[in-house]
Amino acid sequence: MAAYEKRRPGTAPSGGQAAGSEAEFLLRAGVTAMVREALLKVLEARPEEPVSFLADYFERLVLGDAAAEPAGPPQRLARALWYVSLAPHSHRTAFDSNTGAAYEVLGGGGGGRRRAAGVDGRLYSELLRSICQHGEAPAEAAAALLRRVRCRDHEAVPFDVFRYGVLTCFVLLEFAAKADALFAVLDGGSGAADARVCQAVLRALEEALGSGHFTQPRRYLEAGSRLGPDGLALAMDRALQERKLSGSTSREEFLKKATALFVAKVKPVE
Amino acid sequence: MSGAAGPGPPVGPGRSPLPCAPRPAAALQLSGGTEPTRPGVAVIDLRFPRGAAADVSAAWGGTVQEIVFKNFYTAFLSVRVQRPGPGGSRRWVTCLRDMCLMPCPHTEQGAQDYFSLHRNQMLCDMDQVTAVRFILRQPSPVWLQFTIEELQIFPTGQKSPQTDLPSWLSQLTPPEQPASLHGELPDPEKVSTEVQQMWVLTEVIRTRQAAARIGRFDVDGCYDVNLLSYT
């Protein structure tokens, strides 16, 4: 691209210094740093199609550099959304640094303005909503979660709260995916699973989560024994032996109940 | 209770030691010696109050279950108990002979350790015991004093009450699997994998909390009660 071409110096360097000057050229052009950044991002995100990911990345880079004025809120929102979805939330350091970049972009500080406006509640809520929509979370669960972690429109959102909200949204998405997979196992291919079995499994999960606020290692042992294959098999067997009339649970209902369990454990922002 | 100051050795739940008051260790005195010598042998006598006010000793059948103490630079320990012998008299029987508490009497190893002597380790039966005598030996001249502290004697008959076992512990070895599991059960392994991952995710969120609070309802001090009362 024209913007990136640099004039070669008039006198060609002699052959002996060719290797040295090439490295210097790359360094001067800023290519080394840029390529290193791009490689880091690819490693963090591990996309299925690295080529399109890289193309997307460079395109955004160009747009970001070329824009004279920082973009308006929708563009900033899109950019922030792209940043936070780069690395999965389980890669904690990568996720944190991406969230930091997103926070800056959203706050308007990334465009070189002298005063960053900061992130207010409205932008924060919109970002969370678009994360949930992008990941196709069940609507009710997303709404309930947003109610818990939301900030009022006029409030300034500090970075910790921002990171907490974004992380919670991503964990909710993964949780919903896992609940979906669980339902697929429970129903065994048919579209509906036995209501008693679903209830037994969800009840076991709820009991394992417990209501206390302890962080003793004992809780992990306890949960492990409750949710082991033996315990679950017994619970499901006991449920099936009850004589109550059994209905069937559909996928949406199961997802709703499971995500309700999750959202209940999210600490609200205050 | 033993007369030692300090926290004392850990006592198992539900066990209470017999009330006894050990006198300080009396050093062996060689007759005829005028200057105080350090003979390296000391004796601690314990007598159990007979018919004393404490319910424990009254109901005590004289059986000793365990002796727990903290060593203080004693190298070897012998224990003798007084038991009723044939014919009604009481005689002293050695129940522990020269137990080595410190592998090398000159060095620190074992010098301040806690020891526990169970009745199974004793040479004789520890029933109908009326008195206990501890004979301490410390042949090394390095240490100025030696004794045993925090002496506690536990009688039998006091089972440590079953502490409330958490329910999941008793489920670790489950009773025989019901042989006829319902045929239509979904695969428990897969279910368990998924459910455990869901549990982990929820735990991650539940233990995290926004470190910074929005401070929605914080006031900056202008609503202090003292100030309000002046306006």
Side-chain angles (χ1 to χ4, degrees), chain A residues 89 121 149 151-152 155-165 167-168 171-172 174-175 178-179 181-182 185-188 193-194 197 201-202 204-205 208-209 213 215 218-234 236-237 240-241 258 261-262 265-267 269-270, chain B residues 10 12-14 160-225:
Chain A
H89 73 89
V149 297
C151 302
R152 307 259 168 80
E155 285 169 340
V157 179
F159 176 63
D160 279 327
V161 175
F162 179 79
R163 182 177 55 184
Y164 176 69
L167 177 70
T168 318
V171 175
L172 171 70
E174 187 168 350
F175 188 88
K178 290 267 179 280
L182 176 62
V185 174
L186 282 181
D187 73 355
D194 197 315
V197 173
V201 170
L202 285 180
L205 179 60
L209 286 173
H213 293 278
T215 47
R218 165 182 150 166
R219 292 195 57 240
Y220 302 120
L221 289 177
E222 193 169 340
S225 91
R226 254 196 245 267
L227 301 178
D230 295 338
L232 281 181
L234 277 179
M236 291 194 286
D237 192 49
L240 277 181
Q241 281 168 4
L261 274 185
F262 174 81
K265 295 295 172 205
V266 172
K267 293 203 184 94
V269 167
E270 60 192 31
Chain B
S160 40
Q162 289 289 338
T163 43
D164 219 6
L165 273 187
S167 62
W168 57 269
L169 258 189
S170 51
Q171 283 172 11
L172 275 183
T173 50
E176 314 79 44
Q177 289 278 5
S180 58
L181 276 185
H182 220 274
E184 306 153 4
L185 270 190
D187 185 9
E189 298 270 339
K190 292 201 201 129
V191 173
S192 161
T193 323
E194 298 293 333
V195 173
Q196 284 185 14
Q197 288 178 11
M198 286 162 71
W199 182 85
V200 165
L201 286 175
T202 320
E203 273 297 303
V204 160
I205 275 303
R206 169 222 198 106
T207 51
R208 255 186 109 90
Q209 191 186 15
R213 300 163 60 247
I214 284 257
R216 194 169 288 155
F217 299 116
D218 284 350
V219 294
D220 55 355
C222 53
Y223 291 112
D224 230 357
V225 175

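Below, read A as the first sequence line, B as the second, and so on, with proteins coming before strands; counting in each chain starts at 1. Small disclaimer: the values here were computed from a predicted structure and weren't measured.
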Under a 4.5 Å heavy-atom cut-off, does chain B meet the side chain of A:V201, its backbone, both or neither? side chain
From CA spacing to verdict: side chain to side chain contact (heavy atoms under 4.5 Å, CB included), A:Y164, A:D160: CA-CA 6 Å; A:Y164 176 69; A:D160 279 327; over 6 Å; no
Under 4.5 Å from any heavy atom of chain B, what part of A:L182 do you find: side chain, backbone, both or neither? both
Proximity breakdown for B:V200 and chain A, heavy-atom pairs closer than 4.5 Å: neither
Out of B:Q196, B:K190, B:E194, B:M198, return the one with the most heavy atom pairs under 4.5 angstrom to chain A. B:M198
About how many Å separate CG of A:L232 and CG of A:D237, when rounded to the nearest 0.5 Å? 12.0 Å
Apply side-chain contact (heavy atoms from CB on, under 4.5 Å) to A:L202 and list each qualifying residue two or more places apart in sequence or on a separate chain. A:F254, A:K257, A:A258, A:L261
Can you name the residues that form a side-chain contact (heavy atoms from CB on, under 4.5 Å) with B:T193, not counting sequence neighbours? B:Q197
